[in-house]
Every structure is written in C-alpha cells, then in structure tokens.
K.L.:
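Before we start, here is the structure in question, set down as structure tokens.
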Amino acid sequence: MKVTVVGAGPAGLYFSLLYKKARPEADIVVYERNPFGATYGWGVVFSDRTLTSFREADYKTYIQIVDDFIIWDSIDISYRDQVLRCGGQVFSGIARKTLLSLLHERCVELGVTIEHERAVADVGGLSGDLIVAADGVRSVVRDAHADRFRPRFSSGRSRYIWFGTERTFDSFTFAFRANNDGFFQAHAYPFDGQMSTFIVECDQASWRGAGLDRGSEDESIAYCEELFAPELRGHSLRSNNSKWISFETLRNKSWHHDNVVLVGDAAHTAHFSIGSGTKLAMEDSIALVNALLVKDTMPAALSEYQLERKPRVERFQEAARQSQTYFENTRRYQHMEPLQFGFHLLSRSGRIDYDDLRLRDRHFVGAVDRWFTASVADTETTPAIAAPPTFAPLKLRTKTIPNRIAVRAERPEELGAAARSGAGLVLTGFVAVSAHARISPATPGIYTQKQGAEWQRALKTIAGTCVAITLGHSGARGATRARTDMVDVPLGPGEDWPLLASSDIAYTRRSQTPVAMDRDHMDDVTEDFVAAARLARAAGFDLLELHMGHGYLLGSFISPLTNQRTDSWGGAIKDRLRYPLEVLEAVRSEWPDELPVGVALNVSDWAPGGTTLPDAVAAAQALKEHGCDLIRVLAGQTTTAYSPRYDAYFLTHYADRLRNEAGIATLATGDITTVDHANTIVAGGRADLCLLRPL
Amino acid sequence: MPNAVPATPASLLVEWARTAEGGPFSSVGVVDRVVYECHDPLTTLAAVAEATERIGLVTMVVIGPLRNNAVLAKEAAAIDTVSGGRLTLGLAVGARAEDYTTVGISTKARGDRLTQQLLDLRLFWERDEVAAMTQGPRLLVGGSSDVSFLRMARYADGYIHGGGPPRTFVRAADTAKTAWNELARTASPQLWAQGYFALGDPDTVARGRAYMRDYYAFTGPFAERIAEGMLATPQAVAQFVRGYAEAGCDELVLFPAVAELAQIDLLAGALAEV
C-alpha cells in the first residue's frame, strides 16, 4: 500500500509513524513545504487523558514526550492585583519544536520517507492508495476538493497575538487587566522549563482603543509588555512573526472523499483557550490508524474514522465555542469580585462544573463558598465554614428567600407540597388577572374574592418559604383548550371569548384574530393587573411576577414579531416597552414598596426578526428603573414557528448576560435539575436563583 | 413483531402477537418502510387487533408524511376501535429518502408536514365527518432535533426514542421533559423506546446481525454499529431493560431480528432475570 501524507506537522508525522509501525510493508511518503527545522508557534499543551492515549499508541514516543515534559497541576488567575490558584488540573507542556523533532526521528527510524521543501502545487497529481491531508488549516489538498469536504470558517470577535517569553510560569496562567483603553487578557503556559507561550487577547473596542490596530509589531510588544509587566516580572515578550488575528473555527461537512482524508487542523480547529489543536490532531492520527487496521476496505476505514472522530471533535468544538464566547466578553464580568470571577472563568465551557472543581481543589471551592456567604451577609468577616452558594439566602427588598432554588406549583392545592420540597421560592404557574385573561378554562385566576381567599388558605399553611404569584394576561394565546393533549388549540365557538393583543395577529392559523388594543383596552387591562395585585397582596404572596413573555399579552408588545403598531406603543424597543412599563408602574404603586416584583421576560424569540439580546438588556434596564427586582429568563413561544435550544445551560447564558450587563437579579430556567447545576450557575454569578425542572 | 424481516409469512405475524399476548408482554410493535420486503404496519396491526384481546398495539413508527392525513386518521381510528382502544400511533419523518421518492413526495419540509399531521389527526378524530371517536389513539413522535422535541411537546402525548444504549435515552428523555415543561403541558410526557434482539445459538445471532446490516444498509458504515448494538444474550437484554427502566422509560419495544416464534420465549426467559 502506498500512502501519501501532505504536511509534516504533528498530525502527519504521528499518523505516519503509527501506520508504518503497524504495517511495515506500507510505502509512506510525507511532503512538507517548509525546510527541515522550520517551525511556527511555541508550546503545546496536553491533558493527562491525552497522554494515556499516546502511551497505548506508541510507547517509545510517549516516553520521549514525557521525558521532555513540563508538568503542572494548577491554573493561576491574575486579576485585580491578586493571584488566585486553583489546583488539581493536570496539564503538561512541550516545545512544539521538540515534539516535531522526536516525531520526525521516530518516523525516520521506522522507514517513513519525509521530503522537505516539497510544496504540493498539483493536488490532482498526488498518487497513492491513501492521501492524508495533514497540511493545516489552509490545507491545499482540502481546498482542491472544497465542494466535497465543504469547509466552513467562522471568525471569532476578539483579536489575539502569540508571543513567547523567558518568564517561566509554573502553571497555566490567565491574567486580566483593565485600563483606560479597555480590558485585556493573557493566556500563558510553560513549555520547556525556560520559555513560556504568552497569548494576549482583547475585544475589538479595546484593541482599537489601545491603537493596536494601527501600531507596528514592536509597538504591540511594548504595549503588552507594559500592560502585563506584573506577570512578566521584567522579562520581555518575544515575537515569532506575531500578528493580531481573530480566531477562525473550521468545521468540515465531510472528512473524507475517495481516497483523501483530513486530519488535524485541515479538518477542524477549536479555540486555543480549552486545549491545543495538536492534541486533537494526534488523536485524529490514532483514530485513523485504528480504523485502517480494523476495516477491510478503504471506504469502510475512512467512514469508521469519521464516525469515531467527528462527533467527539464537534463536542470539543462546542465547549471551545463557549470558552471563546467567554473570552470575547470578559469585559462584562470585570465588576465581579476575584473569587467569583475566577469560578466563572473555570466553569466557562460547560465541561467543568461546581462538583468537578470541588474534586480538583476543595480549598478553592471552599473559599468560593465562604466568600459567597459573606458577600450575601454583607459583612467584612468571612465565615470559617459555609454551605455551597445554592444554600445562601437571597435578599430582595425586605424579603429574604432562604435559598437559591425555585420550584413551580401551578395551582393553589399544589403550593403546600412545593413549599415542603426544600426550595426557597415557590412560583405559581400563569395566574390570570381576569376571566378573559385566561389561557384556557382551566387556567387559575385571581380576579374574584373567592379566588383570593382560596390562594390565601393555601398560603396560610406555608412557613419559611417565599411564594411568588405570576400574573398574566394570555393575549393572542387566550381562549384555548387546557393543555392536556395539545397546546394553543382554540376553543369552539360559544366556549371562547374575544382576544386582545398588541397587534391583530392570530397566534396560530386556526386561532381567533385578536383585537389590537386601543387606549381604553389598555386602561382596562392595567386595572385588571392592579386589582389582581391587590388580591395577591391580601392573600399573602411574598413576591409578585408579571408575565411579559411567551407571546402573551404584555410580551406581545415587547417583541417586534407581534408588535406591528405604528403608534407610540410600537417601533423601537423603548416604545414597545411603553405599555408593559405602564402596567409595571401601576402594579408597583399598588404592591408594597418593601416587597419585590419580578418580570418573566423573553430574552429571545428564537425566531428571525424577534427580540434581540441588546433589546432584552435594554428592557431589563428599563424594568429595573421602574421597580422590577428580578427577571425570570424565558425564550421562544412568541410565535409558533421558532427554533428552540434545550441544552442544559442555554438559557443560563441569557440570564448571565442580563445579570451582568443590566445589573439585575435573574432567575435561570431551562434544563436545570441538580443542585450541582444550581451551584455552578449561582457561584459563577450567572443567575441569582434557579428554577428546577421537575424530574 | 418481525413485520420488516424479509420472508416472514403474514400468518406468522398473527401467531406472533397471540403468543406474545400469552407472555409477559404489554404490547406488540411494528415498523414502517416502503422500499423493503416487509408487511405494511397498519394492515398488520388491523389483523392482529382482530386476533388478540389484551395486548397493546404500537407503530414504532409510521412514517407520517408519506400518508394522507385524513386517510391515516381513518385507518388508525378503525384499528383503535376494533381493538377496543389499544392503539398507540407513533409517528416520525423517517430516515430514508427513497421511501419518499417512491411514494412521489418531496422530503422538503417533511417536519412541518408531520406537525400539521399531528394537529389534523386530533381534529379528524373529533369531527363527525371523518373518523370521530370519543378519544383518539395515543400519539407519540420521534426525532432528535430540538425542533422535533418542540413538535412533540406541542402536539403529541409523548416521545419515541430512536434507539441506542440507555444513556442516550437519558439525554433524550431530559430534553423531552424540558420541552414539555417549557410549554406548561399538564402531567408528563410518555417516554417510549426501542431495541433489537436475536437470542439463541451463534447461528441465530449471526442471522439477526446480518438482517440488521441489511435493514440499515442505507446508513452506510453505521449499519455495522447498529448491528453490534443488537441484544444477543439474556444478560444484554436484562441490562438494557433495567437501564431503560431506571431512566424512566414508560414502554420499551424490543424488535426481533429473526422471525421465529421461539424468540418470544427466549425473550420472556431473559426478562425473567430482570
């Protein structure tokens, strides 16, 4: 068998030596366009798990790699003039140059032919039973068959630059620095005991603010040296043809075509902040060799390789995307105290949560617990012991919610059991403010004395737990059947009632078209909300929440998909908010000052043309100014056609953004089912409360 | 039931259902495929309905968009009525383009068509002029995208998991419950799942695997993995069933990869270990 490998980077060399070792009769030629010994980049990082796979694949190179390794077990976070250390993170680093030279030697020892300074100009002219495209992110082999591999690049929003330095860090170090130009971070890690990699990254505003978009390479070096002088300790930054670039994530629809297969950077890239591309590249090589050894035919082997590797890499890329998004937005978190900032950073990718961190470094997590408890108690004295953040109380106005877990109880008779669950906050389902505000005939209400008395009886049995009532008007989603077998199915003629909404847009094709509200309708509905708030107060609720999402009446004003008014209640976000704010203000004046008011707000409609995140942040700020204390984060349901995201932390990202940009307490919803989830969310300052989904 | 195992005589299907009804089983299931040597799922269940008294009848699944909504409503209503309300109608878009080509329907927007179908079915079962009944059959939907979970939560009674080890079901069940909860549906979704088995001597197991490779040939190299996932020992069956039970699966349908009545007893024997 004849194998042609294009590219003598780690992917190409490691594949060649592994395959040659298993199949000595194979004729393997590696073409490399650069001269021998020319290499770019500084160090490469591997986790302990990756090393295990190297040991199994080729013991000799494993030993050589490990002999040259620098090993460390902690992450340092340099922020606001202090350094936090979180241990239990086993990493190892090696100079890229060393790694390449030992892989090269092993290839030669096994009989692989390596030809340097052989750029491949004519991809069609390559011959071999198998052609391995290991020629990097700008792979010419891949691009010659771009229609089959279908590569897609997406550019990151921040700018970064690679340097080396003789300052030898003894851990993986993240350094953050704010100045008048903006907010900057460095990612630094040792690789050979003498040198460290030092990457500087910032958002575009900071980059321009500092003039780095216009400056020369020397000016960039000088700027970064001064900026990170405390971390560099007098050492200089060394350039390696360094330029400011934005990170490009590469995905390929297919990883093989005929006898051509992609490995390493030619197949995929993932943001440098969660691991090195070299690790992925060498794992690709192992998987490809295994597939070739196990399968009888080339098509079967290449399919097997893709089946094995592509889903894993895609999961890694998803975690990398989350990490990348975090680093693009670090400016948002600079108000956080160091321990919270650090915890948020360490749990950024969704792969490491509170419990994982506790296993790695219980002292670090213990410090987070104690800091959190002290910050909530608003005292300078840090306690000696503290429960996890979920069990810290939350004070909203004069109400103290005993812990950070919220649960739902749809109806009065379910309140008692929910309150005994241990949750700090019980939230009712949607409670209608009038008969016409109901979603279905089964929707509970609070618009008669009798209903008020029923809620009051239920609340009397509860002590210690806070109870919130969600007041809503169904709007275009009213007069439907109870949601026993379907959602939004209109009641038949005679059973239904007239609907009101921001604009006259029917919710489904079968739904009744609502009447676009005029001033009188608005006054009537506002009065209904106020009357319901009065009954809720009398019943003894601790917190009142207004439903402004999911396509219901108030939400229909906020989303541009449902608000097409041309008068002063439509148009820009401040105008679309006008009526919901009016209701909030009216309710706020009825509801006691010492008790909190919340809003359930759609942060995204998950549909094109819907509410944008900047709109949602503006809405949250306006709501806060009008006396709202807590936002429950919702998405979707504004229309029937939307593309939801159900992954565990998805809605949490919205809660995080609102909390940290609008400065308002948030209640995270979505697929949250464990206290571990809740601790990760609350300790990281992503939300203040978590609504647990029933199991 | 082995309705999609080639060369299975129609008579064996009825016999299969009768035998299963005499065993520790709560339902019999059928699969749907147009371009393959197999018996039509609904016609099979109609015959089985007549020959049995107790056992549940499940389509797992019928490829909904291939069928006219009103006609499907009528057929399902007939089976449900004649069986005394034993039908569970599982629907999905299916995975094979050739089924669509052969029926003469485009695969475009098939998800939207399935959504419309779910709504139509319920309304046809309520309306006098098509297939009125006091309560239509239970409706379940499959699919693995977030949009299919949304469709399930808006229009169906529960979710059908496409297969795989219990841990894949755990993830899907979580998503199904989240989607359901987001829409404030009452109660909780039905969560159903499926697997394949062939028990007995090595030759029987090999025939089972060969069938799976053939049936799933359209998935390319993935067929091999599906064949490897076939339950081939009583221990594998017991582990699989326990895993699904612990993950909250309401009904698990195990399809035979070998069309022999003896498989029913072998499966019952394996279940006795659970």
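Within every chain, numbering begins at 1; the chains are lettered A, B, ... in the order of the sequence lines, protein sequences first and strands thereafter.
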K.L.:
Tabulate, in ascending numerical order, the residues of residues 304-312 of chain A having at least one heavy atom closer than 4.5 Å to a heavy atom of chain B, or enter 'none'.
P.N.:
E304(A), L307(A), E308(A)
K.L.:
With a 4.5 angstrom heavy-atom cut-off, could you sort out which part of F430(A) is near chain B: side chain, backbone, both or neither?
P.N.:
neither
K.L.:
Does any heavy atom of chain B fall under 4.5 Å from the side chain of A641(A), the backbone, both, or neither of them?
P.N.:
neither
K.L.:
Can you tell which part of A156(B) gets under 4.5 Å to a heavy atom of chain A, answering side chain, backbone, both or neither?
P.N.:
backbone
K.L.:
Relative to chain A, which segment of A184(B) carries a heavy atom at a distance below 4.5 Å: side chain, backbone, both, or neither?
P.N.:
both
K.L.:
Residue by residue, scan residues 118-127 of chain B and write down, ordered by number, those that have a heavy-atom distance under 4.5 Å to chain A; if none do, write 'none'.
P.N.:
L119(B), D120(B), R122(B), L123(B), E126(B), R127(B)
K.L.:
Which atoms of R171(B) are under 4.5 Å from chain A, going by heavy atoms: the side chain, the backbone, both sets, or neither?
P.N.:
neither
K.L.:
Would you mind checking which part of L691(A) comes under 4.5 Å of any heavy atom in chain B, side chain (CB onward), backbone (N, CA, C, O), both or neither?
P.N.:
neither
K.L.:
Looking at M486(A), H550(A), R509(A), R408(A), which makes the most heavy-atom pairs under 4.5 Å with chain B?
P.N.:
M486(A)
K.L.:
Answer with side chain, backbone, both or neither: which region of D174(B) has an atom nearer than 4.5 Å to a non-hydrogen atom of chain A?
P.N.:
both
K.L.:
Could you check whether atom CZ of R510(A) has more than 12 heavy atoms from other residues, nucleotides or ligands sitting under 6.0 Å from it?
P.N.:
yes
K.L.:
Do you know which of V147(B), T178(B), D146(B) has the most heavy-atom pairs under 4.5 Å to chain A?
P.N.:
D146(B)
K.L.:
With a 4.5 angstrom heavy-atom cut-off, could you sort out which part of R411(A) is near chain B: side chain, backbone, both or neither?
P.N.:
neither
K.L.:
Distance check, rounded to the nearest 0.5 Å: K177(B) atom NZ versus T673(A) atom OG1?
P.N.:
8.5 Å
K.L.:
Taking atom CG of L183(B) and atom CG of D488(A), what is their separation to the nearest 0.5 Å?
P.N.:
8.0 Å
K.L.:
Non-hydrogen atoms of chain B under 4.5 Å away: do they reach the side chain of S440(A), the backbone, both or neither?
P.N.:
neither
K.L.:
Below 4.5 Å from any heavy atom of chain A, which atoms of Q135(B) appear? Answer side chain, backbone, both or neither.
P.N.:
neither
K.L.:
Is a donor on one side and an acceptor on the other found under 3.5 Å between the side chain of R483(A) and the backbone of T186(B)?
P.N.:
no
K.L.:
Could you check which of V487(A), D671(A), D485(A) has the highest count of heavy-atom pairs closer than 4.5 Å to chain B?
P.N.:
D485(A)
